[in-house]
2 protein chains.
Amino acid sequence: MQQLKGIKVLLVDDEPSILQFLELGLQNEGFEVQTAMEGMTAINIAKEFHPHVVVLDVMMPGMDGFEVCRMLRKTENVAVIMLTARDEVEDRVKGLTIGADDYMVKPFSFEELLARIHARIRNQFPNLFGEVVIGPFRIDNRRKEIKHEDRVLELSPTEYNLLEFLLLNHGLVLSKAVILSKVWGYDFGGEENIVEVYIRSLRDKLNDKEHRLIRTLRGSGYRVDII
Amino acid sequence: MQQLKGIKVLLVDDEPSILQFLELGLQNEGFEVQTAMEGMTAINIAKEFHPHVVVLDVMMPGMDGFEVCRMLRKTENVAVIMLTARDEVEDRVKGLTIGADDYMVKPFSFEELLARIHARIRNQFPNLFGEVVIGPFRIDNRRKEIKHEDRVLELSPTEYNLLEFLLLNHGLVLSKAVILSKVWGYDFGGEENIVEVYIRSLRDKLNDKEHRLIRTLRGSGYRVDII
DNA sequence: CTCAAAATTCAACAAATTTTAAGCATGCTT
DNA sequence: AAGCATGCTTAAAATTTGTTGAATTTTGAG
């Protein structure tokens, strides 16, 4: 059985009975669950709660699931699973479920939902389960800690995010634009120079004076080389 | 979590919400994205942008997806993925006959679109992914690295681009004009002498003193000979 | 509200890359 | 072999890109 402590799910549906049923079921599986019955509420909760997965009914009074999904995506790094009723599929909703990472047609079994949540988490948050070991590094996502050769690095939140991203993508050249959009968010307004500044800070803390750990590929970006 | 920097996607749909959603999602995955809401616009953008993949809605006011697809194929080397609503599935045959590489039925998940884009790129632009082996050379686009007999070449960005171009077209005679336009871009203002300068630099780094790897064909251009 | 840590911006500096240009070498034609 | 065209080599100028330390702004805890 998979360890799911610390994985957060936000359920959004205007039907209280469904909501309660899913909430109980998921809590029973070890998830942390919050619920909302309305789009705007969902977005506000998400800003505090930072769920890993949002399960979202498409048809809701007021703001519909599509709109909620779009707004969530702007600020949260989250997987979205949409729910649609069968007769809505043929309707105007057709094509609108497109923005979600996955969608399910009602009615569905609880097992099916569980399976899809697992799939999404595995896909989007691979490092959420326990420690990820990458060469001389160990990323502990739960503790927000990275060790380098058994030495805990004292990192600010942004430094942590950046180093985690670099490590999880070691071996690939990552352009400053990609790093910006992945670590700072696609809507970050500032200059790419900030990436350079943080890279420097990481190199400092890693004693990477020769730039051998974090290599600069002039004109292309940076690449972490695990030896 | 895969980085796909450098892969360009053109989205064509007359529904702004869908367009925006796919754009955000794909950008978030590291793609370069452009969008068009109308067939003629799409074709004009494609001429400048040279996308690797075009995602094309069949049903559009004015020029329909089939027409756009046919015109694109005339001038661009591009993979086309068509989108059709469920009740338009008969169009599928038409789409594939006319030259689409793949098609998807709405509604679809974002994941599914990603998977298909990956599949198409893998198929049509293999050098954008893993390693391409050409004789004693290995091009790794994602690492921005070229190995020669297991030795990593230290190349500047332009040297890399040039060598990649030469290798991918080995056996062909490439005139300086063609090299200039392909490696430096059609709007480069300088002299062809710069090609000579860079060829020399490559020959240096390849220990190609005898010009056996990169052969000069006086009056015609250069040719890479893979033994 | 205050303060310190963190995040961001800025600008001077450093380094690598690209481009240019001039002289040299080589091969081709007559 | 002379003369010409084409390609080669080289080094220095111009440009681009990355680095760095410090200044400034923002954020969040107490």
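Predicted, not measured: the structure shown is a model, and the values here were computed from it. Reminder, nothing fancy here: chain letters follow the sequence lines and each chain counts from 1.
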Would you mind reading off the distance between B:Glu192 atom CD and D:dG7 atom C1', rounded to a whole angstrom? 11 Å

More than 12 foreign heavy atoms under 6.0 Å from CD of A:Glu191: is that the case here? no

ring-ring contact (aromatic ring centres under 6.0 Å, His included): which pairs involve residues 136-155 of chain B, sequence neighbours left out? B:Phe137-B:His148

Please confirm whether B:Lys8 makes a cation-pi placement over B:Phe31, using NZ or CZ under 6.0 Å from the six-membered ring centre and within 45° of the ring normal. no

Which sits closer to the 5' end of DNA chain D, A:Asp204 or B:Asp204, going by the nucleotide each is nearest to? B:Asp204

Spacing between A:Ile199 atom CD1 and D:dT17 atom P, to the nearest angstrom: 18 Å

Which whole-number value in Å describes the distance from B:Glu196 CD to D:dA5 P? 16 Å

Sole candidate of A:Val78, A:Val68, A:Ile81, A:Asp101 that passes side chain to side chain contact (heavy atoms under 4.5 Å, CB included) when paired with A:Val54: A:Val78

Steps toward side chain to side chain contact (heavy atoms under 4.5 Å, CB included) verdict (A:Lys209, A:Arg203): CA-CA 7 Å; A:Lys209 216 170 161 95; A:Arg203 294 210 263 223; over 6 Å; no

Does a side-chain N or O of A:Lys176 approach OP1 or OP2 of D:dG18 to a distance below 4.0 Å, or not? yes

Hey, which of A:Asp208, A:Leu202, A:Asn207 is the one that makes side chain to side chain contact (heavy atoms under 4.5 Å, CB included) with A:Leu213? A:Asp208

When the distance from CZ of B:Arg203 to P of C:dA25 is rounded to whole Å, what number comes out? 17 Å

Per-nucleotide protein contact along nucleotides 18-23 of chain C, 5' to 3', at a 4.0 Å heavy-atom cut-off (B base, S sugar-phosphate only, - neither), is BBBB--

Any N/O pairs under 3.5 Å between the protein and nucleotides 25-30 of chain D? List them or say none.
none

Heavy atoms from other residues, nucleotides or ligands near NZ of A:Lys147 exceed 12 (cutoff 6.0 Å): no

Could you check whether A:Asn141 and A:Glu164, counting side-chain N and O atoms only, form a donor-acceptor pair closer than 3.5 Å? yes

Using the benzene-type ring in the case of Trp, are the ring centres of A:Tyr198 and A:Trp184 under 6.0 Å apart? yes

Sorted by chain and residue number, the side-chain contact (heavy atoms from CB on, under 4.5 Å) partners of B:Lys176 (sequence neighbours excluded) come out as B:Glu192, B:Val195, B:Glu196, B:Tyr222

Between P of C:dT17 and CG of B:Leu162, the distance in whole Å: 15 Å

Between A:Arg138 and A:Glu145, does any NZ, NE, NH1 or NH2 come within less than 4.0 Å of an OD or OE carboxylate oxygen? no

Rounded to 10 degrees, the angle between the two terminal axes of the helix from C:dC1-D:dG30 to C:dT30-D:dA1, each from five pairs: 30°

Pull out every residue in residues 209-223 of chain B that has a heavy atom closer than 4.0 Å to any atom of DNA chain C, ordered by number, or say none. B:Arg218

Quick check on D:dG7: is either OP1 or OP2 less than 4.0 Å from any side-chain nitrogen or oxygen of B:Arg200? no

Do B:Lys144 and B:Glu159 sit within salt-bridge range, that is, some charged N less than 4.0 Å from a carboxylate O? no

So, are B:Arg142 and B:Asp140 salt-bridged, with charged N and O less than 4.0 Å apart? no

Test item: side-chain donor near acceptor, B:Gln124 and B:His52, under 3.5 Å: no

Rounded to whole angstrom units, what separation is found between the CD1 atom of A:Ile179 and the P atom of D:dG18? 11 Å

